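If you're wondering where the values come from, they're calculated on a predicted model, not measured in any experiment. Atom set for the values below is all heavy atoms of this structure, side chains included, hydrogens, waters and symmetry mates excluded.
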Amino acid sequence: MTIPLFIVSVLTVWMTVEYFFPFLAPLEPASHTVQTFATILASAAWGLGTAVLCIAHVRRIYTQSKDPFWGYSVFFLATFFIMFLSGLIQGTQGSIFLWLYNYIQAPGDQALYSTTAFYVTTAGYRVFRFRNLDATVLLISGMFVMWSVLPLFTGPFPVLVTIAKWINNVPSVAAYRGFVMGVALGIIGLALRVILHKHREVLA
Amino acid sequence: MTERSEKSFAEKALDLDHRILASIVFIILSIMVLVPISIPFPVSSYGQQYYDFVDSIPPGETVGFMIGDSPATRPQLEPSSVLTLKMLWDKDCKVVIWSDWAVAIPIVDDYIALAEKKLGRTMEYGVDYVNLGYVAGEETGQAAFLKNIREVVAGVDKYGKNLDDLPIMQGVNSGSDFKYGFFNVACECTEPMYVRQWQMPYGTKLGSINCAMDLPSITLYLATGQLAGTANGLLGSAEMEYLTGQLGLAFGQTMAVSFGGLYFTILVVLGNIFFFMTRGKGRRD
């Protein structure tokens, strides 16, 4: 573990120094090479992730007696290989690949996303309650922000836009700034732990 | 049976089957899409600011455009993205396109075709626009790409053409070569990533095309001027259609969603009334 942790430490310090001190020009080419490596690794990760996913589904089918939903794995593998082969043979501009994308993947994706409208509506009826002060503030501010993006409300009541804009620009921005600063400090702390080899889990 | 017969009206109303509530949403949205009703349409300051930003880009400028849309978010983001492309090409701007999400690749071609249809002419590849394809690696990938475009895409575009052979890419090799840029983000809240890796290091003026739910992460950067404008979700798309005089799907959907919002408001009010009516009887939600 020592050598990988040493590499991580050196690269973290290198990238940090290069970002905050751009006048250290000699560091720039090496840091850019590292970033380019990251894009290559990310691309490779797609392939690795897909292979691991397929193996998991094959294993599920193989041990079907232990899992009543193994049939979904067959469906997954079948659709995966149809899409994969169509892309591989014809390319991503191929007619079969585009047909599958436009007429199966895209409508399915859109249908799934649109179901949130039904869940949110039901939740509005069952969960949005003036139970206590916190819930009341959340409910009222949420309603104002929602009304501010609906012309049916902003047309007759333009003041809603002013109120929602104040909610967005003052309390929301203040809270979000605090959140961002908190996350940033957390990341700095984590990076320091990694550099000092106090967080060895980073290499799993 | 006895317990059921003792239920008050309010309790029965609170136990209403969610399928009934969902069916009413479906009916309302369907009617509004099929039979649109004309209602006043005030343009928000966000919409006007975004339109003014696109309008302010000088003719002939080379503009960077990251398109990271997905099929799910396309109804929200497509109209404003297509109209932005149209406005840019109306001014003979050159558009360098890439994606930070693999799923967006087929969508890019559709965007270009739709913008050309609205323009009524075909744009010349390599002169008016170029598609550099998918750039993997999230924030690190985008940082590397904006630092040295040719190195990250191996000197070729999505179709394998040498970038040095394309007139649009002459003199373009990093984020600093774009004075103006846009990014289209599919509900990932990755907008700050482009502020960090594009606007801050290179000073590019950026416009964001994002889902409405991402607005809280955008407002911060609009307030500081690090973002020049946002086409905010479906409303942003409808506002672009209205301001450019190209009314289309987003405008109709906004009207439908308005009535969906009215129904949601009524449900929240009724839900609370029934809740307080049953509270005294010891019912807990």
Side-chain angles (χ1 to χ4, degrees), chain A residues 19 22 28 32-36 38-43 45-46 92-93 97-98 101-102 105-110 112-114 117-122 124-131 139 143 145-156 158 161 165 168-169 172-173 175-177 180, chain B residues 14 16 18 21-22 24-26 29 39-42 44-45 70-75 102 105-106 109 135-138 140-141 143-145 147-148 151-152 192 212 215-217 219-220 223 232-235 238 254-255 257-265 267-268 270-272 275-276 285:
Chain A
Y19 184 85
E28 201 273 333
H32 182 67
T33 303
V34 172
Q35 285 178 332
T36 308
T39 65
I40 296 165
L41 284 173
S43 302
W46 280 105
T92 54
Q93 298 296 310
F97 184 87
L98 285 178
Y101 181 88
N102 287 327
Q105 186 182 347
D109 204 2
Q110 286 166 357
L112 197 67
Y113 189 71
S114 64
F118 303 109
Y119 289 113
V120 169
T121 307
T122 309
Y125 186 60
R126 299 196 194 286
V127 183
F128 277 22
R129 298 276 187 266
F130 293 102
R131 284 176 205 279
L139 178 53
M143 294 304 281
V145 172
M146 184 189 76
W147 290 331
S148 74
V149 294
L150 301 176
L152 185 67
F153 293 88
T154 54
V161 177
K165 197 160 187 189
N168 275 328
N169 286 341
S172 177
V173 162
Y176 192 75
R177 273 201 180 123
V180 168
Chain B
L14 280 178
L16 196 64
H18 71 92
L21 300 172
I24 297 172
V25 177
F26 178 73
L29 295 182
I39 56 175
F41 186 80
S44 73
S45 56
S70 75
T73 52
R74 194 171 163 177
I105 297 298
D109 295 332
V135 177
E138 294 286 329
T140 312
F145 174 81
K147 201 175 272 182
N148 189 333
E151 192 171 308
V152 170
L215 187 64
S217 63
T219 317
L220 182 64
N232 181 37
L234 189 61
L235 181 68
T254 304
M255 298 302 131
V257 171
S258 274
F259 284 92
L262 177 64
Y263 173 58
F264 180 82
T265 306
L267 283 183
V268 170
L270 287 178
N272 276 284
F275 171 69
F276 283 104
D285 251 13

- Message: Is T140(B) close to chain A through its backbone or its side chain, or both, or neither, when contacts mean heavy atoms under 4.5 Å?
- Response: both
- In Å and rounded to the nearest 0.5 Å, what is the CG to CZ distance from L150(A) to F259(B)? 10.5 Å
- Select one option (side chain, backbone, both, neither) describing which atoms of L235(B) are under 4.5 Å from chain A's heavy atoms. side chain
- Counting only heavy atoms closer than 4.5 Å, note whether I39(B) contacts chain A via side chain, backbone, both or neither. side chain
- Rounded distance [0.5 Å steps], CG in L262(B) versus CG in L152(A): 5.5 Å
- Query: Can you name the residues that form a side-chain contact (heavy atoms from CB on, under 4.5 Å) with V25(B), not counting sequence neighbours?
  - Reply: F118(A), T121(A), L29(B), Y263(B)
- How long is the span from the CD atom in E151(B) to the OG1 atom in T39(A), to the nearest 0.5 Å? 9.0 Å
- Message: How long is the straight-line distance from CG of L215(B) back to CG of N168(A), given to the nearest 0.5 Å?
- Response: 5.0 Å
- Item | Test item: side-chain donor near acceptor, Q35(A) and N148(B), under 3.5 Å | no
- Message: Other residues, nucleotides and ligands only: do more than 12 of their heavy atoms fall within 6.0 Å of CZ on F128(A)?
- Response: no
- Message: Just so I know, are the side chains of T265(B) and F153(A) near enough to count as touching, which here means a heavy-atom distance under 4.5 Å?
- Response: yes
- Task: Report yes if some heavy atom in the side chain of R74(B) is under 4.5 Å from a heavy atom in the side chain of D109(A); otherwise report no.
- Result: no
- Task: Using non-hydrogen atoms and a 4.5 Å limit, figure out which bit of V120(A) sits close to chain B: side chain, backbone, both or neither.
- Result: both
- With a 4.5 angstrom heavy-atom cut-off, could you sort out which part of Y19(A) is near chain B: side chain, backbone, both or neither? side chain
- Query: chain A heavy atoms under 4.5 Å from I24(B): which part of the residue, side chain, backbone, both or neither?
  - Reply: neither
- Item | Under 4.5 Å from any heavy atom of chain B - which part of Y101(A) | side chain
- Query: Can any side-chain N or O of Q110(A) pair as donor or acceptor with the backbone N or O of P71(B) at less than 3.5 Å?
  - Reply: yes
- Residue among G124(A), A42(A), A45(A) with most heavy-atom pairs under 4.5 Å to chain B: G124(A)
- Message: In the structure I gave you, are the side-chain heavy atoms of T92(A) and P106(B) within less than 4.5 Å of one another anywhere?
- Response: no
- Message: So which atom in P42(B) and which in T154(A) form the shortest heavy-atom distance, rounded to 0.1 Å?
- Response: CG-OG1, 3.4 Å
- Message: At a 4.5 Å cut-off on heavy atoms, which part of S172(A) comes close to chain B: side chain, backbone, both, or neither?
- Response: side chain
- One option among H32(A), R177(A), Q105(A) has the most heavy-atom pairs under 4.5 Å with chain B, and it is H32(A)
- Using non-hydrogen atoms and a 4.5 Å limit, figure out which bit of V161(A) sits close to chain B: side chain, backbone, both or neither. neither
- Taken to the nearest 0.5 Å, the spacing of Y113(A) OH from T73(B) OG1 works out to 6.5 Å
- Query: If only atom types and distance count, is the side chain of N272(B) paired as donor or acceptor with the main-chain N or O of F130(A) below 3.5 Å?
  - Reply: yes
- Select one option (side chain, backbone, both, neither) describing which atoms of L41(A) are under 4.5 Å from chain B's heavy atoms. neither
- Query: Is any side-chain heavy atom of R126(A) closer than 4.5 Å to a side-chain heavy atom of L14(B)?
  - Reply: no
- Heavy-atom side-chain proximity of V268(B) to R129(A) below 4.5 angstrom: no
- Which atoms form the tightest heavy-atom contact between M146(A) and G261(B), and what is the distance? CE-O, 3.7 Å
- Close side-chain approach of Y125(A) and L270(B), heavy atoms under 4.5 Å: yes
- Using a 4.5 Å cut-off on heavy atoms from C-beta on, say whether the side chain of R131(A) contacts that of F275(B). yes
